[in-house]
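Only a predicted model underlies this, so the values are computations on that prediction, with no experimental measurement involved.
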Number of protein chains: 2
Amino acid sequence: MHLSRDAIVSTALELLTRYGLADVTMRRVATNLGVAPGALYWHVANKQSLIAAMTSEILSPVTGETTTELVSSLHGELTRWRDGAEVAIAGAAFPESSASSDLEKLFTSALKREAPGASPEDSGVAARALIHYVLGATFMEQSREQLSGASPSAAPSASNAVSGVDTLVRAAELMVAGLRTL
Amino acid sequence: MHLSRDAIVSTALELLTRYGLADVTMRRVATNLGVAPGALYWHVANKQSLIAAMTSEILSPVTGETTTELVSSLHGELTRWRDGAEVAIAGAAFPESSASSDLEKLFTSALKREAPGASPEDSGVAARALIHYVLGATFMEQSREQLSGASPSAAPSASNAVSGVDTLVRAAELMVAGLRTL
DNA sequence: ACCTGAACACCGTTCAAGT
DNA sequence: ACCTGAACACCGTTCAAGT
């Protein structure tokens with residue numbers, strides 16, 4: 001059935017946006033491709049590596065020169081997908097995908113530009129802290145959306161005043177200020 | 001069978017340390033208590049809320065006056081349990097447990113003490129950023145341990161030089177410095 | 001009030017056998 | 001090389017019925 005790894009990944013991403021991560025199962029992906037469940041395992045090692053591949057796809061458009069831009073871009077790409085942060089957290093924990101180390105490089109070099117005096121170690125620490133913050137905060141943001149049954153594309157409710165892009169950007173500013181003074 | 005919510009939670013935590021989160025299933029918890037699977041649902045709403053209760057138990061010993069102490073304490077309690085960070089991330093996303101807001105208060109007040117000039121909003125942002133960093137970094141730490149099949153109680157390998165408590169503490173110092181200068 | 005029995009509607013993964 | 005059929009060993013959750 002000219003099944004391919006790419007076809008599997010994009011079908012998984014379709015199921016993700018339509019039904020959420022809980023309904024992205026190997027069996028449903030297979031059914032959606034008109035194929036037996038076992039057929040997937042010729043192209044993909046296991047479900048974990050499929051999620052890692054989805055993560056790469058989700059994170060690949062992230063760009064930006066400044067940390068502020070990178071933080072907003074990352075948050076934007078995560079919220080563009082249903083359960084995007086949850087996928088990225090699960091996918092980043094699985095190496096073999098360079099998705100998270102690519103992200104780390106982007107953030108680290110932006111921080112080096114904005115705080116040239118800081119040591120490479122400190123820039124790396126700050127980069128990872130910011131990335132984990134965006135992932136974690138966006139995950140909690142999306143979890144609460146799901147519990148309250150709200151649609152993510154709706155007008156931003158006042159309830160997520162504590163989250164949102166603004167506080168993420170503010171964390172980036174704090175990190176840069178810290179790098180400059182230490 | 002004098003089944004209770006507490007008994008369920010502590011059995012779940014036993015299974016966690018012995019077999020890992022993937023093997024903490026409602027059915028196994030029930031079997032371990034000598035009870036039918038459905039019996040659990042009289043004391044616990046669902047698996048999600050059981051994990052939230054486990055999270056409260058894991059995070060409750062976290063203490064510290066300074067952010068450095070809090071960061072090490074949080075990292076310590078998470079690594080004391082197999083898959084501790086994964087449980088905490090899943091549990092924190094589920095409200096109804098005050099575990100994560102308690103943690104937020106501890107971190108926020110420590111930051112206020114160390115950077116009294118900062119606004120309450122900034123202290124909150126910094127607190128959440130640090131908490132998410134510790135959770136995320138520890139999760140990746142523990143994921144890699146599992147993949148390499150190493151025991152967590154073994155001597156710290158050189159491979160996790162990038163993670164560990166030191167970089168987490170350093171992030172706390174950067175955050176405090178940022179709060180002081182902004 | 002609390003628990004059992006039994007079902008419902010699923011999972012991820014493997015692997016002989018086919019083409 | 002790539003896929004099917006069919007199985008293995010499970011899941012979370014519900015709910016009538018019992019005590």
Side-chain angles (χ1 to χ4, degrees), chain A residues 1-16 18-55 82-83 86-87 89-91 93-97 143 146-147 149, chain B residues 1-16 18-55 82-83 86-87 89-91 93-97 143 146-147 149:
Chain A
M1 264 287 139
H2 22 278
L3 190 56
S4 73
R5 192 185 154 89
D6 278 358
I8 292 170
V9 174
S10 59
T11 299
L13 286 171
E14 278 173 31
L15 291 177
L16 182 70
R18 252 194 272 284
Y19 310 108
L21 183 58
D23 289 329
V24 179
T25 67
M26 299 301 272
R27 294 174 108 95
R28 273 159 100 99
V29 171
T31 303
N32 239 258
L33 285 161
V35 106
L40 301 184
Y41 290 86
W42 192 265
H43 304 276
V44 164
N46 47 39
K47 193 183 182 181
Q48 175 94 285
S49 86
L50 171 56
I51 288 177
M54 295 166 72
T55 301
R82 169 113 87 124
D83 296 333
E86 192 176 357
V87 173
I89 289 171
F94 196 58
E96 145 176 358
S97 134
S143 299
Q146 202 136 18
L147 280 191
Chain B
M1 266 287 137
H2 23 277
L3 191 57
S4 74
R5 193 187 154 87
D6 278 359
I8 292 170
V9 174
S10 58
T11 300
L13 286 171
E14 276 173 34
L15 291 177
L16 181 70
R18 253 195 270 286
Y19 310 109
L21 183 58
D23 289 328
V24 179
T25 68
M26 299 300 271
R27 285 165 178 276
R28 273 158 102 97
V29 170
T31 303
N32 240 258
L33 285 162
V35 106
L40 302 184
Y41 290 86
W42 193 264
H43 301 90
V44 165
N46 48 40
K47 192 182 181 181
Q48 175 95 286
S49 85
L50 172 56
I51 287 176
M54 294 166 72
T55 302
R82 169 113 86 123
D83 295 334
E86 193 176 357
V87 173
I89 289 170
F94 195 58
E96 147 176 0
S97 134
S143 299
Q146 203 135 19
L147 280 191

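Between D/dC3, C/dT4, D/dT13, one nucleotide has an atom nearer to the side chain of B/Ala39 than all others, and that is C/dT4. For B/Ala36, counting side-chain heavy atoms from C-beta on, the closest listed nucleotide (C/dG5, D/dC3, D/dT14) is C/dG5. Comparing D/dC11, D/dG12, C/dG12 against the side chain of B/Tyr41 picks out D/dG12 as the nearest. Each of C/dC3, C/dC11, D/dT13 was ranked by its minimum atom distance to the side chain of B/Val35; first place goes to C/dC3.
What separates NE2 of A/His2 from P of D/dT4 is a distance of 12 Å, to the nearest Å. The CG-P distance, from B/Leu40 to C/dC3, rounds to 10 Å in whole Å. What separates CD1 of B/Ile8 from P of D/dG12 is a distance of 13 Å, to the nearest Å. In this entry the distance linking CG of A/Leu21 with P of C/dG12 reads 11 Å, nearest Å. The CZ atom of B/Arg27 sits 15 Å away from the P atom of C/dA9 (whole-angstrom rounding). One can place CE of A/Met26 at 15 Å from C1' of D/dC3, the figure rounded to the nearest angstrom. Whole-Å rounding puts the B/Asp23 CG to C/dG12 P distance at 16 Å.
The nearest pair of heavy atoms linking A/Asp83 to A/Leu16 is CB-CD1, 4.3 Å. Minimum heavy-atom separation, A/Ala53 to A/Arg5: CB-NH2, 3.7 Å. Summarising the geometry of B/Lys47 relative to B/Thr25, their closest heavy-atom pair is NZ-CA, 4.4 Å, with the distance given to 0.1 Å.
Between atom CD of residue B/Glu86 and atom CG of residue B/Leu21 there is a gap of 5.0 Å, rounded to the nearest 0.5 Å.
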- [ ] Please report the C-alpha distance between B/Met26 and B/Leu50 in whole Å, then the side-chain angles of each, then the deciding distance to 0.1 Å, and finally whether the side chain to side chain contact (heavy atoms under 4.5 Å, CB included) criterion is met.
- [x] CA-CA 9 Å; B/Met26 299 300 271; B/Leu50 172 56; 3.9 Å; yes

Task: Which nucleotides of DNA chain D pair, in dot-bracket form (Watson-Crick or G-U under 3.5 Å, | meaning another strand) - done: ||.|||||...|||||.||

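A donor-acceptor contact shorter than 3.5 Å links the side chain of B/Asn46 to the backbone of B/Ser49. A donor-acceptor pair under 3.5 Å is absent between the side-chain atoms of A/His43 and the main chain of A/Ile8, judged by distance alone. The backbone N or O of B/Ile89 sits nowhere less than 3.5 Å from a side-chain atom of B/Thr55 that would complete a donor-acceptor pair.
A gap of 24 Å separates the P atoms of C/dA9 and D/dA9, to the nearest Å.
With a 4.5 Å cut-off on side-chain heavy atoms, B/Arg27 and B/Pro37 count as touching.
Against DNA chain C, the stretch residues 42-49 of chain B makes heavy-atom approaches under 4.0 Å through B/Trp42, B/His43.
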